[in-house]
Amino acid sequence: MRTRPLKVALLGCGVVGSEVARIMTTHADDLAARIGAPVELAGVAVRRPSRVREGIDPALVTTDATALVKRGDIDVVVEVIGGIEPARTLITTAFEYGASVVSANKALLAQDGAALHAAAEEHGEDLYYEAAVAGAIPLIRPLRESLAGDKVNRVLGIVNGTTNFILDKMDSTGAGYQEALDEATALGYAEADPTADVEAFDAAAKAAILAGIAFHTRVRLDDVYREGMTEVTSADFASAREMGCTIKLLAICERAADGASVTARVHPAMIPLSHPLASVRGAYNAVFVESDAAGQLMFYGPGAGGAPTASAVLGDLVAVCRNRLSGSTGPGESAYAALPVSPMGDVVTRYHISLDVADKPGVLAQVATVFAEHGVSIDTVRQQGRLDGSGEASLVVVTHRASDASLTGTVEALRKLDTVRGVASIMRVEGE
């Protein structure tokens, strides 16, 4: 074993960073044995140096992250500060000064992954980011290494633990959205500002990364259709149960049937209770991968939290350090396919539409005519009059598969009917 340690700079020492530092210290002997050389925490860049950080030598703490990555003797930079800047500049600077990088920064990778990969390749360094998607679940490495000889056609998953916790609570207890969100916040699953989670920005960034790796195509955050879950109601769950379904916020990355394009989207969807993803409870994540040779694969586990995410970071750290010792680098960006990313309107899916309509003869015929005019076939219809004397009824229509553009056009036309008082809910149906 080499006795000179590999030096690691840690950028960020919050929930994840502190766990990385702790594991590096408590498992130092095991990490050294697995790598073939000891690893040494050479510096920790933070915003608030006065904060007590148990187990970390205060002499290692600095507020000058730039100076830390420019030292020239750093072998690996671990970036867990998140956001776009200063993370982007610090990572590219690390490459320039001869360090490889392990990152958990999904937002940056989804926005500028191609440029970061190019910078890593230019300087002969590694860029690893297993922790950027689905926490502790090994997913990035299986997609870009284990399935490198296969053709991945679809990646379907729950990639945000906060939203899954909220939707699971709504389903299992009958709670409303706000009540479930309040519980998630109290338990520490949701941030004080939950926008990134509940409006699906977090999941969309992860979908961009997954699609890019799965389809060997550059997919940026702007390419991902995004729809949050704040409008999901208890009534939606009641309708889902009547169909033998539940509701999940899904990231869906698909290769077109002809293989000529790909799509990436994130939105709430009804899925059958028989689907493996339907049983994913609480704050857990799960990703379903479909490929030509391997068939259907399921990856499941804790998708967030300090220790699980640190586990993924440390796995990358071991791999990068091994590469460092052997004088090699791991797989970089694979974007040779360069497939176009199709818009959401080209996606073929199903809709569950709940309408408030006038309770009188002929309404169903008018609604059916609108569907027919847009080339959308109806699977099932359920109509129920109300007992409140309002003269209105609830009409639920579930469609067969059609392009999302056709389904959207149908809904817009329905809104214009005099007999349709309102569109109470629209939700896609997946997994069938």
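- Thr246 has its side chain within reach of Ile271: a pair of non-hydrogen atoms, C-beta onward, lies under 4.5 Å apart.
- In this structure, CE in Met427 is found 12.0 Å from CD1 in Ile353, a value given to the nearest 0.5 Å.
- The distance from the CZ atom of Arg141 to the OG atom of Ser146 is 9.0 Å, given to the nearest 0.5 Å.
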Solution key, residues 11-27 side-chain donor-acceptor pairs under 3.5 Å, sequence neighbours excluded:
unit_1 : atom_1 : unit_2 : atom_2 : d
Ser18  : OG     : Gly14  : O      : 2.6
Ser18  : OG     : Val15  : O      : 3.2
Glu19  : OE1    : Arg22  : NE     : 3.2
Glu19  : OE1    : Arg22  : NH2    : 2.9
Glu19  : OE2    : Arg22  : NE     : 3.4
Thr25  : OG1    : Ala21  : O      : 3.0
Thr26  : OG1    : Arg22  : O      : 3.0

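- Counting heavy atoms from C-beta outward, Leu90 and Ile81 have side chains that approach closer than 4.5 Å.
- The closest donor-acceptor contact from the side chain of Asn105 to the backbone of Gly83 lies under 3.5 Å.
- The backbone N or O of Gln111 lies less than 3.5 Å from a partner atom in the side chain of Arg220, making a donor-acceptor pair.
- Residues Val77 and Ile91 have side chains not in contact (no heavy-atom distance under 4.5 Å, counting atoms from C-beta outward).
- With 3.5 Å as the limit, one finds no donor-acceptor pair spanning the side chains of Glu130 and Tyr128.
- When each of Arg401, His267, Glu430 is checked for a side-chain hydrogen bond (donor to acceptor under 3.5 Å, both in side chains) with Thr349, only Glu430 meets the rule.
- More than 12 heavy atoms of other residues, nucleotides or ligands shown are found within 6.0 angstrom of CD on Glu85.
- For residues 181-218, the ring pair (Phe, Tyr, Trp, His ring centres under 6.0 Å) pairs, not counting sequence neighbours, are Phe165-Tyr189, His216-Tyr336.
- Sequence neighbours left out, the pairs with a member in residues 369-379 that pass side chain to side chain donor-acceptor pair (under 3.5 Å) are Arg350-Asp379.
- More than 12 heavy atoms of other residues, nucleotides or ligands sit less than 6.0 Å from atom CZ of Arg382.
- The distance from the CD atom of Gln366 to the CG atom of Leu414 is 10.5 Å, given to the nearest 0.5 Å.
- Side-chain atoms of Gln296 never come within 3.5 Å of backbone atoms of Met298 as a donor-acceptor pair (strictly under, hydrogens ignored).
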Exercise answer: donor-acceptor pairs, residues 115-124 side-chain atoms, under 3.5 Å, sequence neighbours excluded:
unit_1 : atom_1 : unit_2 : atom_2 : d
His117 : ND1    : Glu333 : N      : 3.4
His117 : NE2    : Tyr129 : OH     : 3.0

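- In terms of modelled atom types and a separation under 3.5 Å, the side chain of Arg53 and the main chain of Arg51 share a donor-acceptor contact.
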Would you please test Asp404 and Arg428 for salt bridge (Lys or Arg N to Asp or Glu O under 4.0 Å) and show each step?
CA-CA 9 Å; Asp404 201 82; Arg428 294 170 184 87; 2.9 Å; yes
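- Applying the side chain to side chain donor-acceptor pair (under 3.5 Å) definition to pairs two or more places apart or across chains, those involving residues 274-287 are Asp168-Arg281.
- No side-chain heavy atom of Val347 sits under 4.5 Å from any side-chain heavy atom of Tyr225.
- Taken to the nearest 0.5 Å, the CD1 atom of Ile247 stands 7.0 Å off from the CG atom of Leu167.
- Note that CD1 of Ile137 and OG1 of Thr309 are 10.0 Å apart. Values are rounded to the nearest 0.5 Å.
- For Asp236, the side chain to side chain donor-acceptor pair (under 3.5 Å) partners at least two apart in sequence or on another chain are Thr233, Ser425.
- Checking side-chain atoms of Thr92 against main-chain N and O of Thr89 turns up a donor-acceptor pair under 3.5 Å.
- Cys253 SG to Asp223 CG: the interatomic distance, rounded to the nearest 0.5 Å, is 11.0 Å.
- Checked by atom type and distance alone, the side chain of Asp75 never pairs as donor or acceptor with a backbone atom of Leu6 at under 3.5 Å.
- Arg322 is listed as a side-chain neighbour of Arg34, based on a closest heavy-atom distance under 4.5 Å.
- Atom CG of Asp292 has more than 12 neighbouring heavy atoms from other residues, nucleotides or ligands inside a 6.0 Å radius.
- Contact check for Val357 versus Thr419: no side-chain heavy atoms found under the 4.5 Å cut-off.
- Using a distance-only test at 3.5 Å, with no hydrogens or angles considered, a donor-acceptor pair links the side chain of Ser326 to the main chain of Asn323.
- Although no hydrogens or angles enter the test, the distance criterion places a donor-acceptor pair under 3.5 Å between the side chain of Thr410 and the main chain of Ser406.
- Here the side chain of Arg265 pairs no donor or acceptor atom with the backbone of Ala207 at under 3.5 angstrom.
- Within 6.0 Å of the CD atom in Glu145, the count of heavy atoms belonging to other residues, nucleotides or ligands exceeds 12.
- Proximity of Thr408 to Met344: side-chain heavy atoms (C-beta onward) are nowhere separated by under 4.5 Å.
- Ion pairing of Asp126 with Arg324 is absent here, as no side-chain N (NZ or NE/NH1/NH2) approaches a carboxylate O to less than 4.0 Å.
- Across all their heavy atoms, Pro308 and Ala136 have their closest contact at O-CB, 3.2 Å.
- Judged by distance alone, with hydrogens and angles left aside, the side-chain atoms of Lys206 form a donor-acceptor pair with the main-chain N or O of Val159 at under 3.5 Å.
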With side-chain contact (heavy atoms from CB on, under 4.5 Å) as the criterion, how do Leu297 and Leu147 come out once you've worked through the C-alpha distance, each side chain's angles and the decisive distance to 0.1 Å?
CA-CA 11 Å; Leu297 305 171; Leu147 296 175; 4.0 Å; yes
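- Put simply, the residue from Val320, Asp316, Leu127 that forms a side chain to side chain contact (heavy atoms under 4.5 Å, CB included) with Val101 is Leu127.
- At least one side-chain heavy atom of Leu355 sits under 4.5 Å from a side-chain heavy atom of Val423.
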